[in-house]
Number of protein chains: 2
Amino acid sequence: MLEADNAQTAHAIALDRKPDLILLDWMMPGTSGIELARRLKREEATAEMPIILLTAKGEEDNKVQGLEAGADDYITKPFSPRELVARLKAVLRRATPPGIEEAVEVEGLRLDPSSHRVTSHGGALEIGPTEYRLLQFFMTHQERAYTRSQLLDQVWGGNVYVEERTVDVHIRRLRKSLGDGHQHLIQTVRGTGYRFSIRE
Amino acid sequence: MLEADNAQTAHAIALDRKPDLILLDWMMPGTSGIELARRLKREEATAEMPIILLTAKGEEDNKVQGLEAGADDYITKPFSPRELVARLKAVLRRATPPGIEEAVEVEGLRLDPSSHRVTSHGGALEIGPTEYRLLQFFMTHQERAYTRSQLLDQVWGGNVYVEERTVDVHIRRLRKSLGDGHQHLIQTVRGTGYRFSIRE
DNA sequence: GCGCGACTGTCATATCGCTGTCATATTTTC
DNA sequence: GAAAATATGACAGCGATATGACAGTCGCGC
């Protein structure tokens, strides 16, 4: 649960933390909610995030504008907690298409997002949160070299200030977790960064 | 590193020298920093330049105004050098989208920039960074002889002082990496330099 | 509210590969 | 055959990456 009381902050947080869903009030200080929605939908990093818009009763115009700006649903104030929850669920359900839930498997190494688990030939692997995300990114973007910068953006999130060398450390932790059986998949590309590859 | 102590000069320099990033103090003589930011963002030539705003502690209003004026990030004084550097990096990272490049293939020899890899009929080849760049240059500039000087400029970069003979050594290393299957592609042009060619 | 363990980011240090240069061998040219 | 150009092998310095350790945070269970 994250909160922001103005559009700037909200924007920054959205980029930074990649929330599953955004609940947006039409009335916000600074940039209007609608403008924020538009912005979020425009940027690739945040375009996929579902947005629910809160509008005051009867403001039909707002609803239309909101939906046009890219909101996925709207709720009219006042609303019951029950209604809110129902809509949240509905939007989340729609927003979590099989794509993200699909497990990936390579040479006996399997990452299953639905159970949030990594297994090697059936046996569970010890793996930290960051390493999990790193591995997930790699397994869904194989055979491609990424710089430390790009990995920071993709795995850590956009507005995060971390030393590039930190990536090295997590790569090492990931390799350690993968063990001898699979660590050859995580390859160093000297002078560039790292790569996940089946070959070689 | 360029400096200006007022908005006019800064504006001029920005236009003139096209810096990668602008660090802007909120407090400036003449036009305020915020006004300058707005101006820079309005003009096409300077709109893409990332701007980081320096604001005094606690002036929340300034931050909001700054971001609305188009600043990409802000730092509150006082700040640590570490933080400054981190933010600079992060902003630059976001501002420099990676170029998209096509793979090149010749007679089963394939160089793929996205995976940063060289393969011979599917099998990965061992190749160092410099040899990789050298090969990339050659494959994108085939059938043409280059002097050692030109290669140094193109592959090593303009302002490097390196012996011309060094090129010979890297040519050799490249040939070695390519192995018997492909080294005939790298040809010596006696008295001139080298050439990448399919023909004899 | 507190203590504990897990996780993160950073640093210092160890390693390893890459680089440029040289001395020497080989090839080409005339 | 001599001179010039290029190829080759060796090497030491340097820079990038790997590793191990550490302190700060955070969430959780008590």
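Reminder, nothing fancy here: chain letters follow the sequence lines and each chain counts from 1.
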Look only at the side chain of B/Gln187 and the backbone of B/Ile198, and say whether a donor-acceptor pair between them is shorter than 3.5 Å.
no
Separation of atom [atom1] in [X] from atom [atom2] in [N], rounded to whole Å:
X        : N      : atom1 : atom2 : result
B/His170 : D/dG9  : NE2   : P     : 16 Å
A/Glu164 : D/dG15 : CD    : P     : 18 Å
A/Tyr132 : C/dC7  : OH    : C1'   : 17 Å
B/Arg148 : D/dA5  : CZ    : P     : 10 Å
A/Glu163 : D/dC22 : CD    : P     : 21 Å
B/Tyr194 : D/dT6  : OH    : P     : 6 Å
B/Leu174 : C/dC18 : CG    : P     : 14 Å
A/Asp168 : D/dA21 : CG    : P     : 18 Å

Looking at the rings of B/Tyr146 and B/Phe137, which for Trp means the six-membered one, are their centres under 6.0 Å apart?
yes
At under 4.0 Å between heavy atoms, what does A/Arg165 touch on the DNA or RNA strands: base, sugar-phosphate, or nothing?
base
Looking at every strand, decide which applies to B/Glu126 at a 4.0 Å heavy-atom threshold: base, sugar-phosphate, or nothing.
nothing
Among C/dT21, C/dT8, D/dA7, find the nucleotide with the atom closest to the side chain of B/Thr166.
C/dT21
Does a nitrogen or oxygen in the side chain of [X] sit under 4.0 Å from OP1 or OP2 of [N]?
X        : N      : answer
B/Thr130 : C/dC18 : no
A/Thr188 : D/dA16 : no
B/Trp156 : C/dG20 : yes
B/Tyr161 : C/dT21 : no

Annotated protein contacts, base or backbone, on nucleotides 25-30 of chain C with a non-hydrogen cut-off under 4.0 Å, one of B, S, - each
--BBS-
Please determine if A/Asp168 and A/Arg148 form a salt bridge, counting it only when a charged side-chain N lies under 4.0 Å from a carboxylate O.
yes
Could you report the tightest heavy-atom contact between B/Arg110 and B/Ala103, atom names first, then the distance?
NH2-CB, 3.6 Å
Identify the residue among B/Gln136, B/His170, B/Arg173, B/Arg175 that makes a side chain to side chain donor-acceptor pair (under 3.5 Å) with B/Glu131.
B/His170
Spatial distance of atom CD (A/Glu126) from atom OG (A/Ser177) [nearest 0.5 Å]:
7.5 Å
Considering only heavy atoms and no angle criterion, is a donor-acceptor pair shorter than 3.5 Å present between the side chain of A/Arg173 and the base of D/dG20?
no
Which of these passes side-chain contact (heavy atoms from CB on, under 4.5 Å) with A/Leu135: A/Thr140, A/Val155, A/Thr130, A/Leu174?
A/Leu174
